[in-house]
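Keep in mind that this is a model prediction, so the values were computed, not measured.
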Amino acid sequence: MIELSDVHKSFGKVEVLKGITASVQKGEVVCIIGPSGSGKSTILRCINGLESYDRGEISVEGLKVDRDAPSIVDIRTQVSMVFQRFNLFPHRTALENVVEGPLYVKKESRAQALKRGRTLLAQVGLAEKADAHPPQLSGGQQQRVAIARALAMQPKAILFDEPTSALDPELVGDVLGVMRKLADDGMTMVVVTHEMGFARDVADRVLFIDGGIIVEQGPAKALLNQPQHPRTQDFLRRGGYTGLSTALHLAEQGVEALVLEAQEPGWGASGNNGGHTNPGLKHDPDQIEAHFGPELGRRMIAFAYGTTNFTHDLIRRYQIPCEARQSGTLRAAYNESSAAAIENTAEQCIRRGMPVTYLNREQLREMTGTDRYIGAMLDTRGGDLHPLSYARGLARAAISAGAKVFGETPALSLRRDGNRWRIETPRAVVHADKVLLATNGFTDDLWPALRRTIVPVFSSIAATAPLSDAVARSIMPTRPVLYESGHITVYYRIDQQNRLLMGGRGPMRWIKSPHDVAYLMRYAERLWPQLKGVAWTHGWNSRLAITGDHYPHVHEPAENILISLGCNGRGVALSTAMGAQLARRLIGGAKVEIDMPISGIKPIPLHAFWPVGVTTAVIAGRVRDRLGI
């Protein structure tokens with residue numbers, strides 16, 4: 001129905017469309033997403049002839065779009081448009097706005113236009129507002145009037161230009177509800193939007209636009225859930241445990257807290273990790289004290305090794321249904337050098353009174369069902385949970401405490417506005433006294449240079465179908481979680497449905513099935529030959545934030561700005577506990593000490609080459625692990 005072929009458009013010397021080729025079929029819903037200034041709205045305005053284009057061709061139902069040709073009137077009659085800012089006549093009633101086009105463009109009789117106008121206002125839930133003027137209506141009501149006005153022309157298609165961007169978050173649902181009904185009724189729609197949930201649920205296809213080109217396009221659910229292009233992945237960044245936990249602990253203290261999530265709680269690594277709650281940091285206790293001194297070092301150790309108890313206590317306190325268990329964490333070694341290192345770690349922990357035990361080969365065979373390991377440290381404070389259920393439960397807990405959580409609301413810009421901070425989102429502008437950035441593996445350029453302080457490494461998980469009770473008992477009878485000590489970590493657990501979840505480093509891209517990480521499946525069969533022939537049904541991954549020194553990073557780069565990122569693969573418990581620390585700092589300011597160092601932002605040298613560096617490190621690490629060095 002709508003065809004665009006190699007469309008170019010410039011404003012002065014700035015080329016905003018650089019060869020757009022796309023089509024929309026009759027009855028199809030196509031959503032266009034992308035950052036501000038990428039050319040999304042210009043595409044719609046060119047389709048409707050509100051803007052001319054420099055070269056290429058656009059056609060609607062076979063008619064070429066030319067704003068200077070007589071046919072443009074027919075095209076605009078067939079293709080209506082709904083704008084960001086409603087564009088209603090303030091001196092006319094809602095009904096008069098709706099019937100304006102049919103009366104003066106289509107020359108309908110007034111009686112016929114008024115009858116259909118009232119029907120359409122009822123259709124969008126505003127029958128009682130027919131005689132109200134726009135200033136008497138809320139933003140959501142005005143936008144629904146604008147949709148009724150578009151429908152009054154009886155169009156074959158409607159173009160929506162960010163129809164919810166000027167609305168308060170509470171009003172968005174009413175407008176989206178009307179649009180969903182139009183889609184269900186078969187209306188052809190092209191929607192420029194930042195409402196990713198709407199795009200996923202309603203759209204047939206999604207186009208991701210950046211820099212005036214179509215970077216990626218495809219079926220809505222596939223593109224939004226498993227984007228393939230790195231730029232699309234960066235755009236669809238998500239938050240998780242740190243922000244939600246901080247909001248919860250702020251709300252518990254009576255502080256007004258608002259969480260802006262680009263998608264929904266748990267979309268990123270928070271909902272797509274292996275579900276381990278592991279105590280501690282990557283470095284051993286003695287190293288931590290050597291790096292940060294005895295006073296801060298001891299606080300860091302007590303905090304980091306207490307994060308799992310903190311997390312499981314919070315789950316019990318708020319009764320979060322997330323299959324949580326505290327059956328212990330095993331850190332296991334399969335070569336002599338790693339076993340010696342783990343035994344040394346265990347000694348350091350025991351010296352500090354921690355509930356850990358060093359296990360030998362025979363004890364490990366009983367606990368894991370394999371003779372692969374020669375030594376391990378068992379920390380009884382570790383455990384596991386269902387990560388997405390936990391993220392959603394944490395969001396509910398924060399809301400119940402008084403925090404506000406807005407999904408599908410990415411922060412597009414952040415700047416000082418007087419003595420407050422101004423955060424621009426597609427849905428509203430937020431002013432805040434204090435701001436926490438907790439973007440972890442999806443960190444972008446919202447704050448200068450921050451993206452270059454972490455390496456966004458993918459970690460992947462493959463899962464079996466539910467195992468028989470006998471097979472599950474033969475693998476991990478007491479249900480601890482385990483991660484291997486090596487240059488390349490493999491980790492696993494049995495969940496409460498008797499699925500074996502095997503995790504480790506995978507390709508530095510999104511995966512779609514367990515066969516994308518077939519090495520994990522082969523390794524599981526090597527550990528437990530009884531798994532041969534078992535079905536592997538699920539595979540997923542997400543991005544973790546790895547810092548150069550493997551410590552979590554907390555920054556305060558400006559007054560009333562706090563940043564926390566870099567969980568280095570221990571995000572479930574660490575992020576949750578960090579929320580309480582960060583809340584204290586946000587409330588009390590610089591006079592309040594937290595149990596992690598606050599450092600300056602230091603970009604990693606040669607950061608642009610991280611994909612090559614990670615791939616090389618993974619290959620080298622696997623070789624070293626095989627050689628036991």
Side-chain angles (χ1 to χ4, degrees), residues 1-25 28-60 64-67 79 81 84 157 159-163 165 188-196 198-200 203-237 262-263 410-413 424 426 442-446 451 456 508-510 543 608 611:
M1 179 181 178
I2 300 173
E3 298 285 343
L4 297 90
S5 178
D6 193 30
V7 175
H8 291 255
K9 169 67 179 176
S10 296
F11 291 103
K13 296 182 178 179
V14 179
E15 188 177 19
V16 294
L17 300 182
K18 304 175 182 177
I20 298 294
T21 297
S23 63
V24 180
Q25 305 303 313
E28 191 175 30
V29 178
V30 174
C31 283
I32 304 176
I33 66 172
S36 297
S38 59
K40 306 184 300 296
S41 296
T42 303
I43 291 174
L44 297 192
R45 294 177 67 84
C46 287
I47 292 173
N48 207 36
L50 295 175
E51 294 284 355
S52 61
Y53 49 98
D54 302 329
R55 70 177 193 269
E57 185 169 305
I58 302 176
S59 64
V60 175
K64 180 179 178 180
V65 176
D66 182 348
R67 63 179 301 186
V79 181
M81 190 157 178
Q84 298 179 29
L159 312 178
F160 291 86
D161 187 10
E162 298 192 33
S165 66
T188 305
M189 298 162 59
V190 183
V191 185
V192 170
T193 186
H194 286 280
E195 302 290 343
M196 302 305 168
F198 174 85
R200 182 186 293 106
D204 298 295
R205 287 188 297 121
V206 168
L207 311 182
F208 173 61
I209 309 287
D210 189 23
I213 64 172
I214 298 176
V215 176
E216 185 173 353
Q217 61 179 304
K221 289 184 174 62
L223 187 143
L224 294 172
N225 292 336
Q226 296 288 345
Q228 299 301 303
H229 194 282
R231 182 64 188 95
T232 318
Q233 297 164 9
D234 288 339
F235 177 74
L236 296 172
R237 63 190 186 278
Q263 265 275 3
L412 303 177
S413 67
E424 181 182 348
F442 294 86
T443 298
D444 63 3
D445 295 315
L446 187 64
R451 176 178 58 82
M508 293 299 110
R509 57 174 173 79
W510 297 97
R543 294 212 305 250

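Rounding to the nearest 0.5 Å gives a distance of 6.0 Å between CD of Glu51 and SG of Cys46. With values rounded to the nearest 0.5 angstrom, Gln25 atom CD is found 7.0 Å from Arg205 atom CZ. With rounding to the nearest 0.5 angstrom, the CG atom of Asp445 is 4.5 Å from the CZ atom of Arg451. The distance from the CD1 atom of Ile214 to the NE2 atom of His229 is 12.5 Å, given to the nearest 0.5 Å. Taking CG from Leu17 and CZ from Phe11, the interatomic distance works out to 7.5 Å, rounded to the nearest 0.5 Å. Atom CD1 of residue Ile2 and atom CD1 of residue Ile43 lie 11.5 Å apart, to the nearest 0.5 angstrom.
By the 4.5 Å heavy-atom criterion applied to side chains, Met189 and Cys31 are not counted as neighbours. Side-chain contact between Leu412 and Pro426 is present, with at least one heavy-atom pair separated by less than 4.5 Å.
Taking both residues in full, the closest heavy atoms of Tyr53 and Val7 are given as CB-CG1, 4.0 Å, listed atom of the first, atom of the second, then distance. Scanning both residues, Gly212 and Ile20, for their nearest heavy atoms gives O-CD1, 3.4 Å. Residues Ile209 and Lys40 approach most closely at CB-CG, 4.3 Å, considering heavy atoms. Ile33 and Leu223 get closest at one heavy-atom pair: CD1-CD2, 4.4 Å. The two atoms that bring Ala199 and Ala220 nearest to each other are O-CB, 3.4 Å, heavy atoms only. Minimum heavy-atom separation, Gly34 to Phe208: CA-CE1, 3.6 Å.
Under the 3.5 Å distance criterion, the side-chain polar atoms of Lys221 are matched with a main-chain donor or acceptor of Arg200. Side chain of Asp210 to main chain of Ser38: no donor-acceptor pair is present (N/O by atom type, distance under 3.5 Å, no hydrogens or angles). Of the possible polar contacts, none joining the Asp161 side chain to the Met81 backbone as a donor-acceptor pair under 3.5 Å is found. Glu216 contributes a side-chain N or O that, together with a main-chain N or O of Gln228, makes up a donor-acceptor pair within less than 3.5 Å.
With sequence neighbours excluded, no residue forms a salt bridge (charged side-chain N to carboxylate O under 4.0 Å, His left out) with Glu3.
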Quiz prompt | Test log, rule side chain to side chain contact (heavy atoms under 4.5 Å, CB included), inputs Val24 and Met1 | solution = CA-CA 6 Å; Val24 180; Met1 179 181 178; 5.7 Å; no
Exercise. Test Val60 against Val65 for side chain to side chain contact (heavy atoms under 4.5 Å, CB included), laying out the working first.
Key: CA-CA 7 Å; Val60 175; Val65 176; 3.9 Å; yes
